[in-house]
Amino acid sequence: MCGIVAAAARREVSEILLEGLRRLEYRGYDSAGMALIDNEHNLQLHKQQGKVCELEKAQKLHPHLGCTGIAHTRWATHGEPSGVNAHPHISGQRIALVHNGIIENHAILRKELCAAGYEFSSATDTEVIVHMLHQYLESGRSLLAAMQETVDRLEGAYAVAAVDVVHPDQVVAARKGSPLVVGIGIGENFLASDQLALRQVTDRFIYLEEGDVVEISPSSLQIYDASGAPVERKRSLISEAVEVADLGGFDHYMLKEIHEQPRALAATFAQAADHPVIDDCFGAGAAEVFDKVKGVQIVACGTSFHAGMVARYWLEELAGIPCQVEVASEFRYRKRVTHANTLLVTISQSGETADSLAALRNAGDGEFAASLVISNVANSSLVRDSDLVFLTRAGMEIGVASTKAFTTQLVALLMLTYALGRRASMTEKKQQEIIAALKDLPDYVQQTLELNDEIEQLSESFIPKHHALFLGRGIQYPIAMEGALKLKEISYIHAEAYPAGELKHGPLALVDDDMPVVAVAPSDDLLEKLKSNLEEVRSRGGELFVFADSKAGFSSEARVKVLDMPHCPEVIKPIVYTVALQLLSYHVALQKGTDVDKPRNLAKSVTVE
Ligand code: AGP
């Protein structure tokens, strides 16, 4: 998704800006640009469709130098990916501006600005911001006042940063709904949409709050709150080592991340051993909150939503705690009835997903007993805004298709089930089973990874297909959903998941000899029901790909291919089966030649609505 990097220094900053953009690349984008104020106080601009390396080439060919600058990677929302729509946008050869987010009232503002004589060159919502800023500056406002008045007029979400040739050593910026962080240097200051972009130059950061406007120069840094009053915000020292994005011998980050799961799962669960009681893994005060919790509301998007769906089975069946799960983009706009003492749980790998963040922020006063986030990114917006926090130990996830983040979220959710279940109806025996299963989980995942070659062979059947159905029952239904999401996301094969019992209510009409059907079929209480559903598929000529353990009693035959999964404890089957489906998608995508790590149209961190 869009990324911002900005610098106000006494040294030349083009390489700092480019390196910042490189560090944000994994999030997904379609164009990139950079504006610098040169020694003669002129704006110098490079921007184009394509990757940051193209921007670097342009910079090598026609170097632009300056000590003040802004840079951007754009993920198109308004206006196609193109050089014209790429940021920075310019007004009057005076201002350059970059923007993350979406301006909802851009059409009205565009009309006003056109009437005032401004000519628009792009189809973006962003261009209204730069012209409005220019208009306020030309009417005599200071850079700060012009930015404050501009953002006052904006509806929607934004993180913006701008430079002005009349104030050549300053960058002014603002945020609401999209993240922005200040990086504090020595004799220089920076801004970025993620601290990762600035770890090359500093380890001292200030996370801006909603409505903040900030002005930086090499020697000064002043933040103003939404009312315009100067404020001090907390400074954070981030000293842990930055993980370096490195393929470590794998062909793709996705494959590397799939293989990192035994370690990531063990590290996530190991937090239990670091604390006297498991409750403490969820942050200070968790025990008191958990004592009063009578129900759970989970809100998340995409893969994280699927983790929530799995958790609902665990919380209700194992802990006896009522649980609702909803996608954040619906939850945030719905009038709700919430029972007393409900815990709001958001799940987000990035901790920056706009819909999940809005869902948390829109929760009514006193509606929930407390909020808990399960996230992979410390210091993310969701982490900072939640009462309780569980940090998964997946390590940085680069592949757009979430793999290790999902399975570590499931570990966190099983730990939550245990913590709440102990206070409810969970037996001592069940508690011990959960802990033992979590300890053994990395081994079962490792055994599944060793099925790679068999899975690769299965994947060949999917290459000529345009559609696929994924079936599961009970807790395996959300795993089927996750399998279908992975396949469509990276191979571009249309895939849908159904609870197998629903097949006869419609989707069975789709089944013919051209429709591969993947069944998540471990031996469990619903297996016989699932087998009947699979017979319905077979008798209509459908080709079955069954992921099952030996106890399930399937065998490969004409039009039925069985992958022999390890037999593992019931409670961790959703996690173990997920890994096999991840490998299936990976191999299909690989053979189809898609961009596995950066699938088209998608972004790693979805910071717009
Ligand atoms: C997963 O493969 C997807 N890339 C996507 O569905 C993702 O899980 C979703 O956008 C939510 O992201 P989050 O976990 O960072 O909130």
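Atoms within a ligand are numbered from 1 in the order they appear, just like the ligands themselves.
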* If only atom types and distance count, is the side chain of Ser350 paired as donor or acceptor with the main-chain N or O of Glu352 below 3.5 Å? -> yes
* **Side-chain donor or acceptor of Arg27 paired with backbone N/O of Ala603 under 3.5 Å** => no
For ligand 1, which atoms have a heavy atom of [X] less than 4.0 angstrom away?
X      : result
Ser402 : 1 (C), 2 (O)
Val400 : 2 (O), 3 (C), 4 (N)
Gly302 : 6 (O)
Lys486 : 1 (C), 2 (O)
Ser304 : 8 (O), 13 (P), 14 (O)
Ala401 : 2 (O)

Which residue and non-hydrogen atom of the protein lie closest to [atom], and at what distance in Å?
atom                    : result
atom 7 (C) of ligand 1  : Thr303 N, 4.1 Å
atom 12 (O) of ligand 1 : Thr353 OG1, 3.5 Å
atom 3 (C) of ligand 1  : Glu489 OE2, 3.0 Å
atom 10 (O) of ligand 1 : Val606 CG2, 3.9 Å
atom 15 (O) of ligand 1 : Ser350 OG, 2.7 Å
atom 11 (C) of ligand 1 : Cys301 O, 3.3 Å

* Determine whether more than 12 heavy atoms belonging to other residues, nucleotides or ligands lie under 6.0 Å from atom OH of Tyr207. => yes
Under a heavy-atom criterion of less than 4.0 Å, does [X] contact ligand 1?
X      : answer
Ser356 : no
Ser605 : no
Lys604 : no

* Tyr158 versus Ile103: any side-chain heavy-atom pair under 4.5 Å? -> yes
* **Derivation of the side chain to side chain donor-acceptor pair (under 3.5 Å) call for His78 and Asn85** => CA-CA 9 Å; His78 295 61; Asn85 289 334; over 6 Å; no
* Please confirm whether Ile347 comes within less than 3.5 Å of ligand 1 when only nitrogen or oxygen atoms on both sides are compared. => no
* Before signing off on this row, confirm whether Gln409 and ligand 1 have an N or O atom pair separated by under 3.5 Å. => no
* Glu397 and Ser402: side chain donor to acceptor below 3.5 Å -> yes
* Asked: Hey, are Gln582 and Gln261 close enough side-chain-wise for a donor-acceptor pair under 3.5 Å?
  -> yes
* Thr392 pairs by side chain to side chain donor-acceptor pair (under 3.5 Å) with which of Thr407, Thr268, Asn376? -> Asn376
Anything under 3.5 Å between a donor and an acceptor, one on a side chain of residues 465-472, the other on a protein residue two or more places apart or in another chain? List them.
residue, atom, partner, partner atom, Å
Lys465, NZ, Asp514, OD1, 3.3
His467, ND1, His494, ND1, 2.9

* **Sole residue of Arg361, Arg233, Lys176 in salt bridge (charged side-chain N to carboxylate O under 4.0 Å, His left out) with Glu210** => Arg361
* Asked: ring pair (Phe, Tyr, Trp, His ring centres under 6.0 Å): which pairs involve residues 367-404, sequence neighbours left out?
  -> Phe282-Phe390
